[in-house]
Amino acid sequence: MNSDKRRRARVQGGWAAPSKNVRSDKHKPKAEPEPAWLARNVDQPTQRKFVYEQPEEELKVKPEEMVITKPGLYDISLEPSGVSRLRFFPNFLDPQEASTLFEQLFHNIPWRQRSVIIQGASYLMPRLTAWFGEQPYSYSGVTHDANLQWPSEIQELRDRLEEITGTRFNSLLCNFYRDGHDSIDWHADDEPSLGTNPTVASLSFGDTRMFELRKKLPGPSPDYSCSQACRIPLTSGTLLIMEGATQADWQHRVPKEYHDRGPRINLTFRVIYPEKT
């Protein structure tokens, strides 16, 4: 090695040649980077201090969801408008009677699929409906004409409900959900023809579907992700009565379900008053 090469090797620390039994650096596996918490300055004081800043918007916390499965009376909210009350009777009809009535209602009610108006557009309802009552009934661009041809089995059910509630029901909206894809979206039975604080008695037949309620919120575009909510599984033979301020302060729905569901019939008895002209 000439003097020039020897000088450069000494500066670069290259005097010793690598041993034949030692792998060269280019064959060594790359070392994993150290975790941040092992850094040398992790415990050293910093000039920047943590200062808590109040968030611009108030953090929203969703209230715990209420699930009703046991029979009883439930006051789900108390507002200036009054008490929102549910009466739940999961075994109002025994299974055999409920099954027999389902078959009768399926064959004797004049089911029809109607169209509903939503934001100016017409859509087929994802369920079949029928109406019985002394007065016509209108909602979402749909009008049911008065129909006094009550099937005998429905009249008998109405008589039993009137004994329990002390309310004379003069109308009935029937809904037939063919499978889990049929549904009814968020709404409240708060049409003017139902009067103030209406009592609505709902009877279920057929397969079980989930009935959901959510507390109404003020404003034109409320954020319902943090609204108070309630869920009730409605099995065959169940009676659910909504009364007080429930329609004023809550919305309800039967959502779509994306697994197998058999047909379900729902009868909602109510009182309709003549519309003012």
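For clarity, every value in this text was computed on a predicted model and none was experimentally measured.
- Rounding to the nearest 0.5 Å gives a distance of 10.5 Å between CD1 of I164 and CZ of R87.
- Counting only distance, with no hydrogens or angles, the side chain of S84 and the backbone of A245 share a donor-acceptor pair below 3.5 Å.
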After noting the C-alpha distance and the side-chain angles of W150 and L172, does the key distance pass the side chain to side chain contact (heavy atoms under 4.5 Å, CB included) rule?
CA-CA 9 Å; W150 295 66; L172 167 66; 3.9 Å; yes
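- Note that SG of C174 is 10.0 Å distant from CZ of F205, once rounded to the nearest 0.5 Å.
- Side-chain atoms of T268 and R270 include a donor-acceptor pair closer than 3.5 Å.
- In this structure, the separation between CD on E212 and SG on C230 is 9.5 Å, given to the nearest 0.5 Å.
- Y123 OH to M125 CE: the interatomic distance, rounded to the nearest 0.5 Å, is 14.0 Å.
- Looking at L239 and S202, their side chains never come closer than 4.5 Å, going by heavy atoms from C-beta outward.
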Contacts under 3.5 angstrom, residues 97-111 side chains, donor-acceptor by atom type, not counting sequence neighbours:
{"residue": "E97", "atom": "OE2", "partner": "R160", "partner atom": "NH1", "Å": "2.8"}
{"residue": "T100", "atom": "OG1", "partner": "Q96", "partner atom": "O", "Å": "3.1"}
{"residue": "N108", "atom": "ND2", "partner": "Q104", "partner atom": "O", "Å": "3.2"}
{"residue": "N108", "atom": "ND2", "partner": "E153", "partner atom": "OE2", "Å": "2.9"}
{"residue": "W111", "atom": "NE1", "partner": "L105", "partner atom": "O", "Å": "3.4"}
{"residue": "W111", "atom": "NE1", "partner": "F106", "partner atom": "O", "Å": "3.4"}

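- When all heavy atoms are compared, the tightest approach of R209 to G180 is NH2-O, 3.5 Å.
- Residues M210 and L203 fall into different hydrophobic clusters, defined by Ile, Leu, Val, Met, Phe, Trp and Tyr side chains chained together at heavy-atom separations under 4.5 Å.
- Here the rule is side-chain hydrogen bond (donor to acceptor under 3.5 Å, both in side chains) with H187, and of Q247, H252, Q251 only H252 fits it.
- A distance of 9.0 Å separates CG of L161 from CG of L267, quoted to the nearest 0.5 Å.
- Both L173 and L194 belong to a common hydrophobic cluster when Ile, Leu, Val, Met, Phe, Trp and Tyr are linked at side-chain heavy-atom distances under 4.5 angstrom.
- A salt bridge does not link K216 with E79: every distance from a Lys NZ or Arg NE/NH1/NH2 to an Asp or Glu carboxylate oxygen is 4.0 Å or more.
- In this structure, M66 shares a hydrophobic cluster with I68, Y74, I76, L86, F88, Y177, I184, V200, F211, L213, I232, L234, L240, M242, W250, V254, the cluster being traced through Ile, Leu, Val, Met, Phe, Trp and Tyr side chains under 4.5 angstrom apart.
- Separating the CG atom in L157 from the CD atom in Q155 is a distance of 10.5 Å, to the nearest 0.5 Å.
- Remark: side-chain polar atoms of T167 are not paired, donor with acceptor, to backbone N or O of F169 under 3.5 angstrom.
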As a quick check of understanding, evaluate side chain to side chain contact (heavy atoms under 4.5 Å, CB included) for I241 and T165, giving each step before the final call.
CA-CA 9 Å; I241 301 174; T165 62; 3.6 Å; yes
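- The side-chain tip of R214 points at the ring of Y224 from less than 6.0 angstrom away and within 45° of straight on.
- Ion pairing between a basic and an acidic side chain is recognised when a charged N comes within 4.0 Å of a carboxylate O; E162 and R168 show no such pairing.
- Classification of R261 and D207 as a salt-bridged pair holds, one side-chain N sitting under 4.0 Å from a carboxylate O.
- Remark: side-chain polar atoms of R127 are paired, donor with acceptor, to backbone N or O of S183 under 3.5 angstrom.
- Of all heavy-atom pairs spanning I272 and S171, the tightest one is CG1-OG, 3.1 Å.
- Here D260 pairs with nothing under the salt bridge (charged side-chain N to carboxylate O under 4.0 Å, His left out) rule; sequence neighbours left out.
- The only member of Y139, W131, Y137 that meets side-chain hydrogen bond (donor to acceptor under 3.5 Å, both in side chains) when paired with H144 is Y139.
- Side chains of D249 and S77: no donor on one and acceptor on the other come within 3.5 Å.
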Steps toward side chain to side chain contact (heavy atoms under 4.5 Å, CB included) verdict (E134, L148)
CA-CA 6 Å; E134 301 170 356; L148 299 179; 3.9 Å; yes
